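One structure is given here, and the rest of the page talks about it.
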Amino acid sequence: MRQTLATLPALREKLKAERSLLRCIMVCCGTGCRARGGMEVADAIRDELAAAGLADTVKVELTRTGCHGWCEQGPIVTFEPEGVFYTQVKPEKAREIVASFQSGEPVQKLLYRDAKTKRHLVTYHEVPFYSKQTRWAMRNVGRIAPTEIGQYVARDGYKALEKVLSGMSPEDVISQVEKARLRGRGGGGFDAGRKWRSCRKAAGDVKYVICNGDEGDPGAFMDRSIMEADPHGVLEGMILCAYAVGAREGYIYVRQEYPLAVEHLGMAIAAAREYGLLGEGILGTDFSFDIRIARGGGAFVCGESSALMRSVEGRPGEPRAKYVHATDRGLFDKPTVLNNVETFINVPLILDKGAEWFAALGTEGSKGTKAFSVVGKVNHNGLIEVPMGMSLRELIFDVAGGMPKGRSFKGVQTGGPSGGCLPEALLDLPVDFDSLTEAGSMMGSGGLIVMDDRNCMVDVARYFIHFLVEESCGKCVPCRDGLKQLLEILTRITKGKGREEDFGKIEDLCFVLTEGSLCALGKSAANPVLSTVRHFRDEYEEHVRAGYCKAGVCRDLCRYVITDECTGCTLCAKSCPAECISGDRKQVHVIDQEKCTRCGSCFDVCNFGAVAIRGRA
Amino acid sequence: MRCVRPRCRSVEESEMIRLTIDGKRVEARNGEFLLALARREGIEIPTLCHHEAVEPAGACRLCMVEVTKAQWNGFSKLVTACLYPAEEGLVVRTDTERVMKTRREVLELLLARSPRAEAVRRLARQHGITVPKYNVDEEGDNCILCDICTRVCSTLVTGAIARVNRGVAKKVATPFDEASDVCVGCLSCARSCPTEAIAFLDDGLKRTIWGKTFDVVACSVCGAPTVTKEQALWMAQRKGVVEEDFHVCDACKVGKTGQACRKVMW
Amino acid sequence: MESKLMHVFPEKCTACRNCEQACAFAHLHEGRPTRARIRADADPQQREGKNVLVVCYQCDAAACVAACPANALWRDMKTGAVYHVESRCIRCSSCVAACPFGNMRWEPLRQWPSKCDLCGGDPVCTRFCPTGAIQYK
């Protein structure tokens, strides 16, 4: 099974030829779809294929893929090469699906229905959520069985490695990455080529390559999807990096909460070793490199590169001052390159298709694409990969389908707990590293949380600070003690006990966090607060001075009141989880304020706009 | 005579670099931390988590200074002097408004956390803080998590204590808060603590710290306390010391020395 | 460069304890002569000229230096004395236990070790000794 530079191209041609004859039913078995029964759907389809006599043919294949990045539509089933796209599939539909596979007639009920045009769309090429994306990092996601190395190879996998080991020097590789101007996709946006070059130049024979798969931002799952769905892509990127910098050992650090990613990466590593793509003498050359998986223990701070390295070393994950760079002294005090999953997955593309090709897409400062996890109050929640430079407006309102009916856009949080909230006025900003940072936010790892008029921005700030208080490592004073004080103030404000002097204190705390913190967790902790104070100051003032939360979120600062518009349809009373709405049919209903939890269900279901959010009595 | 000064090495001229600190042109060894350099030049920079015997931690953030370089085009940043290495052409300022404000804010936070810690109160007063601005934890103990005790114990003694937990729950403790097998009761942690935050009982021949009680070896001559049995054993295991010496207190050792001298001389 | 040596002539010592007083007042926050860095060990039989002055021998292979875990005892290259560096001391009292002669003293009130460091080159005790039992030359 071991491949050499001579045999791999032939193997690839063979696999491509074989697979070009195949028709596949692809069932998503990523974490999201699994939770909704994806594995059972796959099992049912397998049984139906067997019943139809299609189980053992070389022409039909049932593929269990990794996460597509559109979990809300799952379980997803697609046909390749046709691209038929079925959503929310249940195991009971297996027979119909296999029948449609044979006949070519799609099952109407399972097709995706476009909300705007109301039409059923047959293939995913037509679905705007997919068609408007440029999936480079996610090129194999949902298109292969992640645990089958042959399928990766057939889609030009390990072609870049083959090309590099056939005649490029490490210097050539770094040069390509530099020319492509690939910037880190994990949040820092640091120039990857420059980092690799510093590591190559550093003294010493022992060097390390680390892939950061910690992905701690709440709501972000780009890296999860890539690790689950295309583990070989990540490995290939790391192998190319190791060749470039002179490392023999690498680690993939996967957060504790991604067991499927660990499983798939482990299988991929084993397969790569078997095929001679990892280990001693890769592809028959004298370049050797091997990878181990290190698992996190449930700490957001271990996504910080120096804390991650301490964690791999078996020590508590506490960051250290970065005055000495990791490329000089990192893991075990040796020169180390640490890059994010998405950064590494771009590397084989750059080396296969060339730096110029890669750099042709994107903006002046940010080349290539970026995968975003778009969540929140928007029609399509999922992974969206677009070229750098697309405007936030286009991303949210076009690709992600815009605001649900009846809701108005208020703001978008970019970059998770390290980022900031941007208001409507800034929606025409392009998504790239520098524009977002200048606006007081940051790209971060790509989390995008869309918020509407029913999100309280003070509560949003409080939520992120609460998250950071729990995740702070506690080593330095500004972060450990400063975040605690900041949380106390923000909580008081959401409870109606805000004071005028709190504004000054918030500013001072944000100052010491930004200037005095030891690591990026603390340094960027002020962003959610500063950006919401900057762009939504009126909400803060309303909370403090008027004791009113107009979004209807802060329990003590609002009341849900049914107005005379009420027609007595009783829909609200039926949907109230606290059972606190009373009233007869056709009579104006009343909410018991004592029991009301301010969940907003009544507001959501009322078709007559008869529920108002008022200040406290 | 054997030279025992640590890090005693002759410094080549070429290793010296030039930088400025508070407007003063100084020379330093390449890579030397700014804090040592400043103190050598008589410039006062407050610290709480710094201890000469252990590696710097950069935890308290009091020693922040502002650095820039001509090539940085006006960009400057705050760094901890205890960990930032001197570089050729560095321009260091220890007293800018940005630095002073950061120091004050750090002291405000420490004061709110440990209102009774004398070292914190003293530094706060020196920086013009009289009434704490933030929410004071009246029950707050004196531990400011400077980690001097853990660094001292883990690098110089036996490693009986460490930082445990994350964030505001972080504290210094023995494993699982149980009596440590390796603690020798030397009291270095308690004595090195800048805020006297470590409780212990030192009652003549019994000593209790971190939940472990020790027997202190009594002087075989006068019965005064010397060191704990465990510390004596630990010292004996280090090279060059003899256990018998530990059973006599320093005053009685003087007497024994006098006796021995008398025997020899007369 | 040859450094001076502290010469002790015990036959000249009357155990007047001037040296102890001078040392204690010069160095100790407590000023307690019993905790001074030089001790006159008076002859128990009170014979004349049999009093012993016990002061640090600045040993070549110093037990205190070997015992110190924190490298807080350094050699003064000028005087040859072993001196204590307070900023490095972790106050474990290992040095006190280690010195076989009792010349590393423990200050009970301040809880710090103290030892003779030849006052940096101008020993105070020498100046106050009335009989010349201590000379620095």
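Because the structure is predicted, anything quoted here is derived from the model rather than measured. Below, chain A is the first sequence line, B the second, and so on; all start at residue 1.
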Exercise. Nearest heavy-atom pair of C:Ala42 and B:Arg262: which atoms, and what distance?
Worked result: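 Taking every non-hydrogen atom into account, O-NH2, 3.5 Å.
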Problem set entry | C:Tyr136 atom OH, neighbour heavy-atom count above 12 within 6.0 Å |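 Counting other residues, nucleotides and ligands, OH of C:Tyr136 exceeds 12 neighbours.
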Exercise. Which of residues 182-198 of chain B get closer than 4.5 angstrom to chain C, counting heavy atoms alone?
Worked result: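 Under the 4.5 Å heavy-atom cut-off, B:Cys186, B:Ser188, B:Arg191, B:Ser192 qualify.
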Problem set entry | Contact class of C:Cys59 relative to chain B, heavy atoms under 4.5 angstrom |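 Neither; nothing under 4.5 Å.
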Exercise. So what's closer than 4.5 Å to chain B heavy atoms on C:Ala40: side chain, backbone, both or neither?
Worked result: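 The answer is neither part of C:Ala40.
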Exercise. With a 4.5 angstrom heavy-atom cut-off, which part of B:Ala251 approaches chain C: side chain, backbone, both or neither?
Worked result: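 Contact with chain C is through both the backbone and side chain of B:Ala251.
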Exercise. So what's closer than 4.5 Å to chain C heavy atoms on B:Val254: side chain, backbone, both or neither?
Worked result: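 Both parts, backbone and side chain.
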For this session: Determine, stepwise, if the pair C:Arg35 / B:Asp250 fulfils side chain to side chain contact (heavy atoms under 4.5 Å, CB included).
Result: CA-CA 10 Å; C:Arg35 294 278 108 199; B:Asp250 57 3; 3.1 Å; yes
Exercise. Under the salt bridge (charged side-chain N to carboxylate O under 4.0 Å, His left out) rule, what pairs show up with a residue in residues 10-29 of chain C, not counting sequence neighbours?
Worked result: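 Listed by first then second residue: C:Arg17-C:Glu20, C:Glu20-C:Arg39.
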Problem set entry | side chain to side chain contact (heavy atoms under 4.5 Å, CB included) between C:Asn103 and B:Thr257, worked out | CA-CA 9 Å; C:Asn103 282 318; B:Thr257 307; 5.6 Å; no
Problem set entry | B:Lys253 side chain to C:Ala97 backbone, donor-acceptor under 3.5 Å |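 Side chain of B:Lys253 to backbone of C:Ala97: a pair is present.
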Exercise. What residues of residues 104-119 of chain C sit under 4.5 Å from chain B when you count only heavy atoms?
Worked result: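 Answer by number: C:Met104, C:Arg105, C:Trp106, C:Gln111.
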Problem set entry | Residues from residues 44-57 of chain C approaching chain B under 4.5 Å (heavy atoms) |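 Interface residues of residues 44-57 of chain C: C:Pro44, C:Arg47, C:Gly49, C:Lys50, C:Asn51, C:Val52, C:Val54, C:Tyr57.
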Exercise. Which distance, rounded to the nearest 0.5 Å, do you find between the CD1 of C:Ile90 and the CD1 of B:Ile148?
Worked result: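 Separation between the atoms: 11.5 Å.
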Exercise. Step by step, would you call C:Ser94 with B:Arg238 a side chain to side chain contact (heavy atoms under 4.5 Å, CB included)?
Worked result: CA-CA 11 Å; C:Ser94 296; B:Arg238 290 164 57 87; over 6 Å; no
